[in-house]
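Heads up, the thing below is written out as structure tokens.
Order of the sequence lines sets the chain letters (A, B, ...), proteins ahead of strands, with each chain counted from 1.
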Amino acid sequence: MNLQQLRQLQPYLWSLPRASGEQRAEVLLYGTAPLLASMDDKVLEQIANVAALPGLVGAAMTMPDAHWGYGFPIGGVAAFDAEQGGVISAGGVGFDISCGIRCLRSNLDLSDAAAHFTRLADTLFHAIPAGVGEEGELKLNPAQLDQVLQDGAHWAVQHGYGNAADLEYVEEQGRVTGAVPNYVSELAKKRQRGEMGTLGSGNHYLEVQVVERIYDNAAALAFGLHPGQIVISIHCGSRGLGHQIGTDYLLMLAKAASRLGIHLPNRELACAPIKSPEGRQYLGAMNAAINCALANRQILTYLTRSACAQVYPHAELETLFDVSHNTCKVETHEIDGKPRLLHVHRKGATRAFGPGHAMLPERYRAAGQPVVIGGSMGTGSYILAGASGNPAFSSASHGAGRAMSRHQALARWHGRELINELAQQGILIRTRSMRGAAEEAPGAYKDVDLVAEATEQAGLARRVAFLRPKVCVKG
DNA sequence: ATGTAC
């Protein structure tokens, strides 16, 4: 991205000046000059298009890890007011609805766990169904699947996959309201019937990590983290169901936009007013997909505990937090001193409520919401805490963010060689797809350290802990 | 992201 076209407002905040006569809201980009310079120009084009959509409140924004996506950039945040013609967009949520990270803290330390990492890697790889189209043990009938779409992680816990304490530390306590299974197509449901409790592919992973550095002692204490501790992070989403909903509604919302005369700068931005029939239906289907993803990560938590218990009989894994980064959520935010109900699209962006927020579990209320920046398989991840006065509708970065396309990565790396190199660095990778491994080469991602630092400096969240990967099951 | 692609 050419920085000449931007105006630097603060060390970590930039804006895109409007051309004369241009009808769009403000565009704000969070990040450092090097991070922004490494982004594709498409990011700027896409977020400027978002800023032209009806009913946008405040600015259309990108997080420090942004890269270009379908319609909206990944790392994009945009809030809309339903009462002012605000829209909802499937491209603003993403195809992998409610993709997110479940983070589990353990009672294991690197010093005693490391001796069995090879067996742990093999056991997890055997226990966790992963890969495109891969199905799990669970086969649900239509009535059971509808129940999952209503009850989210609660369904999983009721059926023995975890405990009540897990639910307390899942965003929305494990279930969102407003899910309408009837608005989900039969095809979407059919695709999901065998995919509960599966990891998927692409950038999804299950990673065993060690807490290597603590930045904020008080927040680390609240989150139950200390140096040398083993933590497990599960990154996945709503699998075939969410993807099919995205596909179905892209068409429906495009038709609605055309019917209602909404000008779309690009057809990938297909959207409809939140109050229109199509907008309401997408919201109902999307909320069902959020519950599907929350249930999926809950079942994977159970499978992870079972696998760990085979290797470390005394292992205990508690849910630290579970947070989505592909959603549209109805939230109250203060605008010009007045609370307003907004539909906040976060696509590749994490919700990051600051200290004192009423929706946080009591244990974390003083520290702020746990925020996970998931890194690439070779580098590392960060746990942060929501900051007071977050300027981006309580949002923060979600990962390292790609710096290179999958195609470019395939041309540069070979999966097998990469896995051997990582093994020499003490990182054990298990995958069914060598091509996938090459596409996910750490070098194809931005520097996660720079993303986390910029996230903190921009006032989006505060760093709490750095996690180093040790074992990674890739999709 | 995805029973991977107009």
Please name all residues satisfying side chain to side chain donor-acceptor pair (under 3.5 Å) with [X], sequence neighbours left out, ordered by chain then number.
X	value
Arg432(A)	none
Arg462(A)	Asp216(A)
Glu318(A)	Arg105(A)
Glu134(A)	none

Nearest-angstrom distance from the residue atom [atom1] of [X] to [atom2] of [N]:
X	N	atom1	atom2	value
Lys190(A)	dT2(B)	NZ	P	18 Å
Leu250(A)	dT2(B)	CG	P	17 Å
Tyr70(A)	dC6(B)	OH	C1'	12 Å
Glu268(A)	dC6(B)	CD	C1'	14 Å
Leu199(A)	dT2(B)	CG	C1'	14 Å
Glu439(A)	dA5(B)	CD	P	13 Å
Asn326(A)	dT2(B)	CG	C1'	13 Å
Arg239(A)	dT2(B)	CZ	C1'	8 Å

Assess whether side chain to side chain contact (heavy atoms under 4.5 Å, CB included) is satisfied between Leu206(A) and Leu300(A), documenting all intermediate values. CA-CA 9 Å; Leu206(A) 183 152; Leu300(A) 286 166; 5.7 Å; no
Is there a residue in residues 284-291 of chain A whose heavy atoms reach under 4.0 Å of DNA chain B, and which residues are they?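 Those residues: none at all.
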Ring pair (Phe, Tyr, Trp, His ring centres under 6.0 Å) partners of Trp14(A), counting only residues at least two apart: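 Counting only residues at least two positions away or on another chain, Trp14(A) forms no ring pair (Phe, Tyr, Trp, His ring centres under 6.0 Å).
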Non-hydrogen atoms of Leu35(A) and Pro64(A) that approach each other most closely: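 In this case the closest contact between Leu35(A) and Pro64(A) is CD1-O, 4.0 Å.
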What contact category does [X] fall into here, base, sugar-phosphate, or nothing, at under 4.0 angstrom with non-hydrogen atoms?
X	answer
Gly237(A)	nothing
Leu187(A)	base
Glu195(A)	sugar-phosphate
Gly94(A)	nothing
Arg406(A)	sugar-phosphate

State whether Ser201(A) places a side-chain N or O below 4.0 Å from either non-bridging phosphate oxygen (OP1 or OP2) of dT4(B).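 It does not, given that no N or O in the side chain of Ser201(A) lies less than 4.0 Å from OP1 or OP2 of dT4(B).
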